[in-house]
Amino acid sequence: MLARMSTARVNVRLCAHAIGASREIMDRARDEGLLRAEVTDDDLLHVFAASAAIARATETSDPGAWRRHVAFVLDGFRAPE
């Protein structure tokens with residue numbers, strides 16, 4: 001079925017699936033008190049976009065910079081104890 005779809009339609013379906021899966025994971029983490037209540041799936045998408053930009057900008061000068069950025073942001077997403 002995917003072979004007959006355009007690349008754009010396949011990408012849209014894959015993104016929709018990824019968003020649904022990330023919402024499930026975030027909901028479980030929130031229910032377990034691990035994720036701040038105010039964190040949204042849009043916040044997660046912003047982390048992905050920012051990380052990609054950092055990875056491109058530091059590809060040769062500091063290839064691991066995006067990992068530090070993600071670690072800092074995810075620490076901020078963590079629910080307070």
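In the hydrophobic clustering of this structure, Leu74 does not group with Leu34; members are Ile, Leu, Val, Met, Phe, Trp, Tyr whose side-chain heavy atoms approach within less than 4.5 Å, directly or through other members. No chain of hydrophobic side-chain contacts below 4.5 Å, direct or via other Ile, Leu, Val, Met, Phe, Trp or Tyr residues, connects Val12 to Val10.
Contact record, His69 with Ala50: NE2-CB, 3.7 Å, taken as the closest heavy-atom pair. Heavy atoms only, all atoms of each residue included: Met26 and Leu35 are closest at O-CD2, 3.5 Å. Heavy-atom minimum distance, Ala79 versus Gly33: CB-O, 3.2 Å. Counting all heavy atoms, side chain and backbone alike, Trp66 lies closest to Ser51 at CB-O, 3.6 Å.
Within the model, atoms CG of Asp42 and CD1 of Ile19 stand 8.5 Å from one another, a figure rounded to the nearest 0.5 Å. Here the CD atom belonging to Glu59 is positioned 14.0 Å from the CD1 atom belonging to Ile54, to the nearest 0.5 angstrom. In this structure, CZ in Arg23 is found 9.0 Å from OG1 in Thr40, a value given to the nearest 0.5 Å. Put simply, CD on Glu32 and CG on Asp27 are 11.5 Å apart, with the number rounded to the nearest 0.5 Å. Atom CZ of Phe77 and atom CD of Glu38 lie 9.5 Å apart (nearest 0.5 Å). A distance of 12.5 Å separates CG in Leu14 from CZ in Arg9, rounded to the nearest 0.5 Å.
Remark: the backbone N or O of Arg13 is not paired with any side-chain donor or acceptor of His17 at under 3.5 angstrom.
Within the 4.5 Å cutoff, the side chain of Val70 has no heavy atoms near those of the Val73 side chain. Side chains of Pro80 and Arg36 form a contact here, defined as non-hydrogen atoms less than 4.5 Å apart. Proximity of Thr7 to Asn11: side-chain heavy atoms (C-beta onward) are separated by under 4.5 Å at one or more points.
Here Arg28 pairs with Ile25 under the side chain to side chain contact (heavy atoms under 4.5 Å, CB included) rule; sequence neighbours left out. Take Asp62 and apply the side chain to side chain contact (heavy atoms under 4.5 Å, CB included) test, not counting sequence neighbours, and it matches Thr58, Ala65, Arg68.
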